Asker: 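Mind having a look at this structure? Questions to follow.
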Amino acid sequence: MNEKFFKTLLGVAVLGLIIGTGGLINFLVYGKSTLALGSYIPWGLWVALYTFFLGLTAGAFLVTILTYVFRIKIFSGIGPLSAFTVVVTIIAEMLIITLDIGHPLRIYRMFTAPNFKSMIFWMGLFTLAMLIIYILETYYLLREEIIHWSQDPGIKNRKVYQSMALGRTAYTEEDRQQDHRRVRLLSLISIPVGLFFYGSNGAVFAVLLNRPIWNSTLTPLLFIISALVSGGALIVLLTFMFKRDDAVIHLLARTIRFLLVVMLILEFLHFFISYQWDVLYIVTALDLILYGHYWWNFWFVHLVLGSLVPLYLMIRYHDNARVLAWACFLIVFTFIAFRLSFVIPDQAVYKLEGLQMSYFHERLRTTYVPNLTEWLVAVWVISLGLLAFLLGTRWLPVIQAGRGEEEHV
Amino acid sequence: MARDLPQEDPLIRMQRDLKRALKKKPTDIKWGMVIDIAKCIGCHACTIGCVAENKLPPGVVYRVVLEEETGHYPFVGRRFVPRPCLHCQNPPCTKACPVTATWKTEQGAVIVDYNKCIGCRYCLVACPYAARTSDFGEWYTAETAELPGKLYGQKAAANGYEAHPAAEYGQKWPDRNGGSPVGNARKCHFCLHRLKVGMLPACTTSCIGRATIFGDRTDPHSLVYEMIGSPRVYVLKEELGTRPSVYYLK
Ligand code: SF4
Ligand code: SF4
């Protein structure tokens, strides 16, 4: 990535942090009452953002599957970059959900007083497992370079790398073999864990009764596929920016194209089957997505800008890495629209007749528009993630590592 | 005839039933409620009684009275359906809670431990009856003017009502400055703190139409047991299989 572009992105991240801090302070001082959420729509922008980050984590997962299941060697070079992306996005995901809950300091109770019947417990467990796996994987992928850096007099802050090298001063061929075995093992473990991770996130929504859009067997599947689409698109974008390798981009884009079509078919089926029920509250929720106040979010942002245009670009310019990167940018950028149209409308239908007339308060409504505090905190978290990622690519050898991986796959 | 024209106020009978129930082994009691739609006049007294009893803040409500329209023009009608937590015998909300902060007691009441709840609000989305609300930490007196020494303002107004601790679950929930139950999921608990001292739930005593019947649904001599046997009985959204302990009479 050229220096100018890097600095621009860095500037954007810092600006976002500064702007977002205002909202964060307001939220931390005045608490949950600063949010536009209510009891009938208790999950809003931040939960949608959480599912957005969740999708973005899937890139490395996709690379892992392609590398270790389908044995496609050329992706191994972007392994470290993708693994590091997962670490950053999972941390961002955890951060936004921690801010969202009413008593963040009690979150440890998920593991000290677990409820094995709760999908959120499983989601939390697999999130933690994924984080640990990918922190270890990133470390082992970077270890060789870290040890080199720790010994290189030309590198600033060598002490940090020395401590990260855990006292090692040389990296032998034996170490290399051992690290490759570890990475391979972690990648293999991450495949079932990852499937459960994305699946359990979908199941959080799918198992709920009386939720016309969420309560479907297709939901976990849709979560897995859509995560692979958005996460894969993010990896294409990052590969283009940081480590341009056209062959990798072409192949990854072909995979995303296929997955995007599968996702659209699943989505169509979801709507088609639900409409067949012809039950008032189901139809109302679906109509809200397609023809409600935010119809443009579904039709224009998600379907046209986030799906059909990228699909067209990926078919028409399948061998042009720059266009493919733009197509993937569109997918990533509009993915939040897809998540919002999944999370909100289902809650925006009164589940009992007459509820709207029973007790008046702004927190007992089925209308929800994220307020300024929510947007600002969202901007803060996204900017923090971007900043951590950008600095990570400079302060950690995520770009330099990954060479010579191919023969080990 | 006696069944149609009660000789005594149902409240007296329910009070007697309650006394009898409390003498039983606690695990043998199963609380239940019957709401007679034909008697509800839509006055919302139960809602207010509950709000006052539990010192509920703005936006938190345990028992609402739904207004349903029936029939087709010109033969239309309106009926009122009070909806507390239905204390489902197969509750989807307790299964959802990741930290076991909400559960069904042996006596069939579904309760929340405010000190354990992390406030994820999953139970809110899991309840098919929208019976749970989240406490966002609001104050009725928040917008009240305050000019110390000159205006009788916000603090004094708050002290008059809101700063009093609620007595839910037999504990004194302290102020509302961020600690539980602020940030928690909240719901009807069948006024367990009142039952413990031999008092009926606040909604039951405040119901002016005597449409709310409460008691031990396993006691064959209780009014609630008798009512559950009525051919008019039904439950909300039976198709979901939640098996509520709150029944309705058409
Ligand atoms: S009515 Fe809702 S909150 Fe009450 S027990 Fe049933 S599912 Fe839980
Ligand atoms: S809000 Fe509280 S009671 Fe409800 S599911 Fe979350 S932790 Fe459990």
Side-chain angles (χ1 to χ4, degrees), chain A residues 30-35 37-43 47 97-98 100-125 204-205 207-211 214 343 346-347 350-366, chain B residues 44 47 51 58-61 63-69 78-83 92 94-103 115-139 142 178-180 182-186 236-237 240-242:
Chain A
Y30 297 106
K32 293 280 175 295
S33 61
T34 54
L35 308 181
L37 294 169
S39 289
Y40 298 152
I41 303 196
W43 286 356
V47 171
I97 213 68
T98 307
D100 189 71
I101 65 175
H103 289 278
L105 297 180
R106 294 182 191 165
I107 202 159
Y108 69 91
R109 289 190 51 83
M110 284 245 265
F111 302 104
T112 57
N115 176 5
F116 300 113
K117 284 186 185 162
S118 169
M119 285 304 134
I120 287 199
F121 162 73
W122 291 108
M123 182 193 86
L125 187 73
V204 163
F205 297 93
V207 296
L208 299 177
L209 290 174
N210 215 24
R211 294 278 166 199
W214 301 350
V343 173
D346 197 300
Q347 303 172 77
Y350 285 106
K351 296 291 182 271
L352 286 171
E353 192 192 333
L355 202 54
Q356 64 274 32
M357 303 294 286
S358 60
Y359 196 78
F360 290 94
H361 192 269
E362 58 190 7
R363 299 213 184 265
L364 300 172
R365 306 259 161 84
T366 51
Chain B
H44 298 256
T47 305
V51 167
V60 176
V61 64
R63 179 168 162 131
V64 292
V65 180
L66 307 171
E67 296 189 23
E68 284 182 5
E69 284 175 13
R78 198 151 66 123
R79 62 177 182 186
F80 304 100
V81 183
R83 190 248 45 215
T94 59
K95 285 185 209 119
C97 179
V99 295
T100 51
T102 179
W103 67 92
N115 288 326
K116 290 183 177 166
C117 168
I118 61 173
C120 66
R121 306 186 293 281
Y122 193 28
C123 54
L124 268 74
V125 282
C127 169
Y129 305 100
R132 290 179 174 236
T133 46
S134 181
D135 189 336
F136 286 89
E138 295 204 45
W139 291 74
S180 288
V182 173
N184 290 132
R186 301 185 66 173
L236 294 186
K237 302 197 187 211
L240 297 179
T242 52

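Quick note: numbers below take in every heavy atom, side chains included, and nothing from hydrogens, waters or symmetry partners. Sequence lines set the chain letters: A, B, ... in the order given, protein chains first and strands last, and positions in each chain run from 1. Being a predicted model, the structure only gives us computed values, none of them experimental.
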Asker: When rounded to the nearest 0.5 angstrom, what distance separates CZ in B:Arg186 from SG in B:Cys123?
Answerer: 13.0 Å
Asker: Quick one: CD1 on B:Ile118 to CD1 on A:Ile101, what's the gap to the nearest 0.5 Å?
Answerer: 4.5 Å
Asker: Identify which of A:Met123, A:Met119, A:Arg211 forms the greatest number of heavy-atom pairs closer than 4.5 Å to chain B.
Answerer: A:Arg211
Asker: What residue in A:Gly31, A:Gly38, A:Ser39 has the most heavy-atom pairs under 4.5 Å with chain B?
Answerer: A:Ser39
Asker: Counting only non-hydrogen atoms closer than 4.5 Å, does A:Ile97 touch chain B with its backbone (N, CA, C, O), its side chain (CB onward), both, or neither?
Answerer: neither
Asker: Shorter than 4.5 Å, heavy atoms on both sides: which option in A:Pro42, A:Pro104, A:Ser33 has the most such pairs with chain B?
Answerer: A:Pro42
Asker: Answer yes or no: is there a donor N or O on one side and an acceptor on the other, between the side chain of B:Tyr129 and the main chain of B:Leu236, under 3.5 Å?
Answerer: yes
Asker: Is B:Val60 close to chain A through its backbone or its side chain, or both, or neither, when contacts mean heavy atoms under 4.5 Å?
Answerer: backbone
Asker: Quick one: closest heavy-atom pair of A:Val47 and A:Asp100, and the distance?
Answerer: CG2-OD2, 3.8 Å
Asker: Could you tell me whether the side chain of B:Arg132 and the main chain of B:Cys127 form a donor-acceptor pair under 3.5 Å?
Answerer: no
Asker: Name the region of A:Leu355, side chain, backbone, both or neither, that has any atom closer than 4.5 Å to a heavy atom of chain B.
Answerer: both
Asker: Distance-only, no hydrogens or angles: does the B:Asn184 side chain make a donor-acceptor pair with backbone N or O of B:Gly119 under 3.5 Å?
Answerer: no
Asker: Counting neighbours of OH on A:Tyr30 that are heavy atoms of other residues, nucleotides or ligands and sit closer than 6.0 Å, is the number greater than 12?
Answerer: no
Asker: Determine the option with the most heavy-atom pairs under 4.5 angstrom with chain B, choosing from A:Thr112, A:Val204, A:Leu105, A:Leu35.
Answerer: A:Val204
Asker: Quick one: which of A:Lys32, A:Lys117, A:Glu353 has the most heavy-atom pairs under 4.5 Å with chain B, could you say?
Answerer: A:Glu353
Asker: Identify which part of B:Arg83 has an atom lying under 4.5 Å from any heavy atom of chain A, answering side chain, backbone, both or neither.
Answerer: side chain
Asker: For the residue pair B:Ala185 and B:Leu124, what are the closest heavy atoms and their distance?
Answerer: CB-CD1, 3.7 Å
Asker: Is B:Val65 in contact with chain A via its backbone, its side chain, both, or neither, using a 4.5 Å heavy-atom distance?
Answerer: backbone
Asker: As a test of understanding, state which of B:Glu67, B:Glu68, B:Glu69 forms a salt bridge (charged side-chain N to carboxylate O under 4.0 Å, His left out) with B:Arg79.
Answerer: B:Glu68
Asker: Check each atom of B:Pro58 against the heavy atoms of chain A and say whether the ones under 4.5 Å are side chain, backbone, both or neither.
Answerer: both
Asker: Under a 4.5 Å heavy-atom cutoff, which of B:Gly137, B:Cys120, B:Ala130 has the most pairs with chain A?
Answerer: B:Cys120
Asker: Would you give the length of the straight line joining atom OH of A:Tyr40 to atom NZ of A:Lys351, rounded to the nearest 0.5 angstrom?
Answerer: 12.0 Å
Asker: Below 4.5 Å, heavy-atom pairs only: which of A:Val207, A:Ile107, A:Leu37 has the largest tally toward chain B?
Answerer: A:Leu37
Asker: Examine whether an atom of B:Thr242 lies under 4.5 Å from a heavy atom of chain A, and if so say whether it belongs to the side chain, the backbone or both; otherwise answer neither.
Answerer: side chain
Asker: Can any side-chain N or O of B:Thr100 pair as donor or acceptor with the backbone N or O of A:Ala113 at less than 3.5 Å?
Answerer: yes
Asker: Check whether A:Arg363 gets within reach of chain B through its side chain, its backbone, both or neither, counting any heavy atom under 4.5 Å.
Answerer: side chain
Asker: Please classify the contact of A:Gln347 with chain B as side chain, backbone, both or neither, using a heavy-atom distance under 4.5 Å.
Answerer: side chain
Asker: Is B:Thr47 close to chain A through its backbone or its side chain, or both, or neither, when contacts mean heavy atoms under 4.5 Å?
Answerer: side chain
Asker: Can you tell which part of A:Leu208 gets under 4.5 Å to a heavy atom of chain B, answering side chain, backbone, both or neither?
Answerer: side chain
Asker: Spell out, as yes or no, whether a donor-acceptor pair under 3.5 Å connects the side chain of A:Asp346 to the backbone of A:Trp214.
Answerer: yes
Asker: Below 4.5 Å from any heavy atom of chain A, which atoms of B:Lys116 appear? Answer side chain, backbone, both or neither.
Answerer: both
